[in-house]
Amino acid sequence: MDTQKTLKSVQNLLPSIRARREEIEKARRMPNDLVEALRETGVFAWSVPRAIGGAEASPLDLMQVTETVASADGSAGWCAMIANGSNIGAGYMNEQGAREIFADPTRPTAGIAAPTGAAVRVDGGVKVNGRWAFASGITHCDWVWGGCVVMENGQPRMTSHGPEIIYVWLPVGEVKIHDTWHVSGLCGTGSNDFTATDVVVPENRIFSLLDPTGHRPEPLYQMPPLTLFVAQLVCVSLGIARSALDELTEIAQTKVPSLYQTVLADRPVAQIELAQAEAALGSARSFLYDTIEDMWQTVSAGRQPTSRQLAFGRIAAINAAETGATVTRTANTLAGGSAIYTKSSLQRHARDAEAVTHHFTVAPHTWEEAGRVLLGRNPNTPVF
């Protein structure tokens with residue numbers, strides 16, 4: 001697999017994506033032709049196993065390509081991240097089902113980890129009902145997976161770890177998409193709700209997200225799923241922040257702040273804050289990449305990550321998300337009054353980076369949970 005060749009193809013698309021930022025935002029979804037252009041690069045196959053025709057890239061590659069696309073547009077970066085984050089499910093299920101869903105491994109899929117559906121066992125599979133929110137990219141996907149609580153006699157089926165939770169692949173043509181995505185940031189991701197009513201899912205399309213015993217043995221699929229996902233997610237923030245700083249630097253060459261006679265680039269406050277923002281962004285990025293690389297080396301050697309590695313993975317991720325949002329706000333503020341107009345990409349960057357911080361994987365309580373683990377305590381949440 002030549003990831004650098006694919007990455008170069010993705011980079012060649014960035015000007016086209018930038019030129020259509022406003023269109024993406026107003027449409028509240030990714031244009032089909034842009035999705036198709038990204039698909040043709042082969043990037044969505046990066047998280048699909050080689051054994052079924054995918055590219056099976058490393059976590060660092062997946063992070064880098066998300067960051068790259070997000071530097072052109074936050075919503076496009078988010079959709080690219082979700083496609084690979086959902087396609088990773090190909091490595092968590094039996095090969096027969098994976099070959100059915102990923103007959104074309106370059107196509108994107110969508111997925112929802114929250115178990116807001118209900119599944120009842122029937123011959124050969126389960127019957128599924130439920131409603132799932134935040135189905136990013138579902139408007140350009142053929143398949144979506146969602147979490148379900150297995151029900152018996154109207155009650156959750158209990159295991160030693162709590163309710164039994166499974167994940168099911170659903171054809172998008174068999175679910176109903178609800179037009180709910182009217183939001184302040186990441187507007188172009190088409191993250192609508194969807195519902196399933198009495199959809200029968202065969203056994204070969206059911207998988208466990210958090211139980212690694214059913215996952216493929218290759219290192220990518222032995223990475224902790226939540227850590228792998230959130231590491232990609234926060235690279236959206238890093239890409240947005242990178243773009244914001246670059247655009248501020250360009251604006252500063254000609255913008256003269258009100259009541260001053262010199263351009264912004266010659267103002268000490270801009271010089272200091274830009275330098276500090278670059279330091280913050282670079283530090284957050286390095287911490288994240290170094291932390292995931294360390295975990296990747298552990299998993300590649302056939303070992304399970306330690307509790308400390310898991311804690312550092314969560315710390316590095318939330319730090320990247322919060323730093324990305326802070327840096328982007330700084331760029332937006334320094335640009336002055338012109339940045340508040342909707343035609344300004346800086347205000348869009350600020351809203352998009354802020355939206356990332358609202359994802360449950362980087363919620364403020366993550367700091368507490370990671371600190372508890374580092375101090376030798378168990379996390380309060382069942383999944384860490």
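This structure is a prediction, so every number in the text was calculated from the model and none was measured.
- With 3.5 Å as the limit, one finds a donor-acceptor pair spanning the side chains of T106 and R39.
- Atom CZ of F207 sits in a crowded spot, with more than 12 heavy atoms from other residues, nucleotides or ligands closer than 6.0 Å.
- If you check the side chains of E369 and H365, you find no donor sitting under 3.5 Å from an acceptor.
- Residue Q261 places its CD atom among 12 or fewer non-hydrogen atoms of other residues, nucleotides or ligands, all under 6.0 Å distant.
- R351 and Q347 form a side-chain donor-acceptor contact under 3.5 Å, judged by distance and modelled atom types alone.
- Taking 4.0 Å as the cut-off between side-chain N and carboxylate O, R28 and D179 count as a salt-bridged pair.
- Using a 4.5 Å heavy-atom threshold, the side chains of I88 and W46 count as separate.
- Under a 3.5 Å cut-off, the side chain of T298 and the backbone N or O of D294 do form a donor-acceptor pair.
- Screening I315, L238, N319 for a side-chain contact (heavy atoms from CB on, under 4.5 Å) with L288, the sole residue that qualifies is L238.
- With Q232 contributing its side chain and N84 its backbone, the two residues share no donor-acceptor pair below 3.5 Å.
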Show me the side-chain donor-acceptor pairs of residues 376-384 shorter than 3.5 Å, one per line, residues at least two apart or across chains.
from	atom 1	to	atom 2	distance (Å)
R377	NH1	L375	O	3.1
N380	ND2	E368	OE2	3.4
T381	OG1	V383	O	3.1

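- One finds a salt bridge joining R107 and D142 here, because a Lys/Arg side-chain nitrogen approaches an Asp/Glu carboxylate oxygen to under 4.0 Å.
- With hydrogens and angles left out, the side-chain atoms of E218 and Q222 include no donor and acceptor closer than 3.5 Å.
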*Between D193 and K176, is a salt bridge (charged side-chain N to carboxylate O under 4.0 Å, His left out) present by the stated rule, with each step listed?*
CA-CA 8 Å; D193 291 14; K176 181 177 181 180; over 6 Å; no
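- Not one N or O on the side chain of T333 forms a donor-acceptor pair closer than 3.5 Å with the backbone of T330.
- Side-chain atoms of W78 and S136 form a donor-acceptor pair, as typed in the model, at a separation below 3.5 Å.
- Atom CD of E203 has more than 12 neighbouring heavy atoms from other residues, nucleotides or ligands inside a 6.0 Å radius.
- Distance alone, capped at 3.5 Å, is enough to place a donor-acceptor pair between the S283 side chain and the A279 backbone.
- Side chain to side chain, N129 and T197 fail the donor-acceptor criterion of an N or O pair below 3.5 Å.
- Not counting sequence neighbours, the partners of A114 by the side-chain contact (heavy atoms from CB on, under 4.5 Å) test are I112, T116.
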Table please: side-chain donor-acceptor pairs of residues 161-173 below 3.5 Å, with sequence neighbours left out.
from	atom 1	to	atom 2	distance (Å)
E164	OE1	R157	NH1	2.8
E164	OE2	R121	NH2	3.1
Y167	OH	A113	O	2.8

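- Counting heavy-atom neighbours within 6.0 Å of E293 CD, excluding the residue itself, gives a total above 12.
- Under the 4.0 Å criterion applied to side-chain N and carboxylate O atoms, R99 and E95 are assigned as salt-bridge partners.
- With 3.5 Å as the limit, one finds no donor-acceptor pair spanning the side chains of W143 and E100.
- For the pair S9 (side chain) and K5 (backbone), a donor-acceptor distance under 3.5 Å is present.
- Among E247, E278, E67, the one residue that satisfies the salt bridge (Lys or Arg N to Asp or Glu O under 4.0 Å) test with R242 is E278.
- For the pair R285 and Y289, the cation sits on the ring face: its NZ or CZ lies under 6.0 Å from the ring centre, inside 45° of the axis.
- With sequence neighbours excluded, the residues satisfying ring pair (Phe, Tyr, Trp, His ring centres under 6.0 Å) with F194 are W132.
- A donor and an acceptor atom, one from each side chain of S58 and D61, are located under 3.5 Å apart.
- Residues S47 and N87 have side chains that never bring a donor and an acceptor to within less than 3.5 angstrom of each other.
- There is no side-chain donor-acceptor pair under 3.5 Å between H178 and T180.
- Using modelled atom types, no side-chain atom of S86 and backbone atom of A83 make a donor-acceptor pair closer than 3.5 Å.
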*Can you check side-chain contact (heavy atoms from CB on, under 4.5 Å) on L233 and H359, steps first, answer last?*
CA-CA 9 Å; L233 179 147; H359 197 272; 3.5 Å; yes
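- Sequence neighbours left out, not one pair with a member in residues 76-94 passes salt bridge (Lys or Arg N to Asp or Glu O under 4.0 Å).
- Counting only N and O atoms by type, the side chains of W181 and T189 include a donor and acceptor under 3.5 Å apart.
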*asked:* side-chain contact (heavy atoms from CB on, under 4.5 Å) for R329 and N332? Distances and angles first, verdict last.
replied: CA-CA 5 Å; R329 284 195 299 270; N332 187 45; 5.5 Å; no
*Using the side-chain contact (heavy atoms from CB on, under 4.5 Å) rule, take D73 and R18 through it: C-alpha gap first, then chi angles, then the decisive distance, then the call.*
CA-CA 6 Å; D73 178 71; R18 289 192 187 98; over 6 Å; no
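- Not counting sequence neighbours, F44 has no partner by the ring pair (Phe, Tyr, Trp, His ring centres under 6.0 Å) test.
- Judged by distance alone, the side chain of T328 and the main-chain N or O of A350 form no donor-acceptor pair under 3.5 Å.
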